[in-house]
Amino acid sequence: QVQLVESGGGLVQAGGSLRLSCVSSGRTFPWYAMGWFRQAPGKEHEFVSGISWNALSTYYADSVKGRFIISRDNAKNTVYLQMNGLKPEDTAVYYCAANQFQQITLTTRRIDYWGQGTQVTVSS
C-alpha cells in the first residue's frame, strides 16, 4: 500500500509562487509514475502535471505550461510541483497521484493512489 501526503499549499497573491511536495510512504516509489491534479469549487477534477519514474518525461496541462515545473527526488520519495506566476484561476485543492505501471498524463483515466489534497488559494 502506498500513502501519499501533500504539503506546501497556502494563500498567495497573484504572481506569486508556491512549491507543493508529496511524500510517499512506499519503498517502491522510485518505480511509480507521479502526477498532480487539481479541483476547483464547482469544477471537475483536472490533470495538472505528470512525471515518469526516472524523470525523463514530464507532462503539463496547457493552462500551466511555462509556469509550473514538476520534479522528483527518488532518494527522498518525494515529488514536487513548483508553481510560479500564480493566477486566481489556479485556486483549487491540489492532489498528488501515483501509478505503478501507467504514465500520468492528460488522458490518464486510472490512478492507483491519491493523496488527501492541499489547498492553494491565489488572491487577485
Side-chain angles (χ1 to χ4, degrees):
Q1 186 71 15
V2 172
Q3 290 187 329
L4 305 174
V5 180
E6 302 99 332
S7 62
L11 174 63
V12 64
Q13 288 188 334
S17 298
L18 283 174
R19 188 176 81 156
L20 304 183
S21 300
C22 171
V23 180
S24 169
S25 62
R27 290 186 300 172
T28 55
F29 173 85
W31 315 117
Y32 279 70
M34 302 296 296
W36 293 92
F37 289 75
R38 67 187 181 187
Q39 187 166 23
K43 294 190 176 181
E44 292 185 355
H45 214 218
E46 67 169 342
F47 167 79
V48 174
S49 183
I51 187 167
S52 62
W53 70 273
N54 56 7
L56 292 182
S57 298
T58 56
Y59 311 92
Y60 296 95
D62 286 345
S63 59
V64 307
K65 202 171 293 183
R67 299 188 298 124
F68 291 9
I69 301 172
I70 191 170
S71 62
R72 66 189 296 161
D73 185 339
N74 287 346
K76 296 182 178 180
N77 279 14
T78 302
V79 62
Y80 304 98
L81 186 67
Q82 177 67 43
M83 305 186 295
N84 302 318
L86 283 162
K87 305 175 181 180
E89 51 263 43
D90 294 318
T91 295
V93 177
Y94 284 71
Y95 297 90
C96 180
N99 268 358
Q100 187 172 4
F101 299 114
Q102 185 181 16
Q103 295 289 4
I104 297 176
T105 70
L106 178 64
T107 58
T108 298
R109 291 296 175 260
R110 173 190 169 90
I111 296 295
D112 294 332
Y113 301 101
W114 291 100
Q116 84 288 349
T118 185
Q119 176 70 46
V120 171
T121 303
V122 184
S123 63
S124 57

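Just so it is clear, the structure is predicted and the values come from calculations on it, not from any experiment.
The closest donor-acceptor contact from the side chain of N99 to the backbone of R110 lies under 3.5 Å. When atom types are taken as modelled, the side chain of T91 and the backbone of V122 share a donor-acceptor pair closer than 3.5 angstrom. Remark: side-chain polar atoms of S49 are paired, donor with acceptor, to backbone N or O of Y59 under 3.5 angstrom. Formation of a donor-acceptor pair under 3.5 Å by the Y95 side chain with backbone atoms of E6 is not found in this model. Not a single donor-acceptor pair under 3.5 Å links the side chain of R72 to the backbone N or O of A33.
With values rounded to the nearest 0.5 angstrom, L81 atom CG is found 11.0 Å from T118 atom OG1. The CD atom of Q3 lies 12.5 Å from the CG atom of N77; values are rounded to the nearest 0.5 Å. With rounding to the nearest 0.5 angstrom, the OG atom of S57 is 6.0 Å from the CD atom of Q103. R109 contributes atom CZ, which lies 11.0 Å from atom CZ of F47 (distance to the nearest 0.5 angstrom). The CD1 atom of I69 sits 9.5 Å away from the OG1 atom of T58 when rounded to the nearest 0.5 Å. Atoms CG and CH2, on L20 and W36 in that order, are 4.5 Å from each other to the nearest 0.5 Å.
Counting all heavy atoms, side chain and backbone alike, G8 lies closest to L18 at O-CD2, 3.8 Å. Looking at every heavy atom in both residues, I111 comes nearest to A97 through CG2-CB, 3.7 Å. Residues A14 and S124 share a closest heavy-atom pair of CB-CA, 4.3 Å. V79 approaches C96 most closely through the heavy-atom pair CG1-SG, 3.9 Å.
Residues Y113 and M34 share a hydrophobic cluster, clusters being chains of Ile/Leu/Val/Met/Phe/Trp/Tyr side chains in contact below 4.5 Å. Hydrophobic clustering (side-chain heavy atoms under 4.5 Å, transitive across Ile, Leu, Val, Met, Phe, Trp, Tyr) keeps F68 apart from L106. In terms of hydrophobic clustering, with Ile, Leu, Val, Met, Phe, Trp and Tyr side chains grouped at heavy-atom distances under 4.5 Å, I104 and I51 are assigned to different clusters. Cluster annotation: Y60 and Y80 are assigned to distinct hydrophobic clusters (Ile/Leu/Val/Met/Phe/Trp/Tyr, side-chain heavy-atom contacts under 4.5 Å, transitive). M83 is connected to V12 through a chain of hydrophobic side-chain contacts under 4.5 Å among Ile, Leu, Val, Met, Phe, Trp and Tyr, so both are in one cluster.
Residues V93 and F37 are not in side-chain contact: their nearest non-hydrogen atoms beyond the backbone lie 4.5 Å or more apart.
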Where do V2 and D112 land on the side-chain contact (heavy atoms from CB on, under 4.5 Å) test, with the steps shown first?
-> CA-CA 9 Å; V2 172; D112 294 332; over 6 Å; no
Evaluate the criterion side-chain contact (heavy atoms from CB on, under 4.5 Å) for residue pair V120 and R38; output intermediate values, then yes/no.
-> CA-CA 9 Å; V120 171; R38 67 187 181 187; over 6 Å; no
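Within a 6.0 Å radius of CH2 in W31, other residues, nucleotides and ligands contribute 12 heavy atoms or fewer.
Sorted by first and then second residue, the pairs that involve residues 9-26 and meet side chain to side chain donor-acceptor pair (under 3.5 Å), not counting sequence neighbours, are S17-N84.
A salt bridge does not link D90 with K87: every distance from a Lys NZ or Arg NE/NH1/NH2 to an Asp or Glu carboxylate oxygen is 4.0 Å or more.
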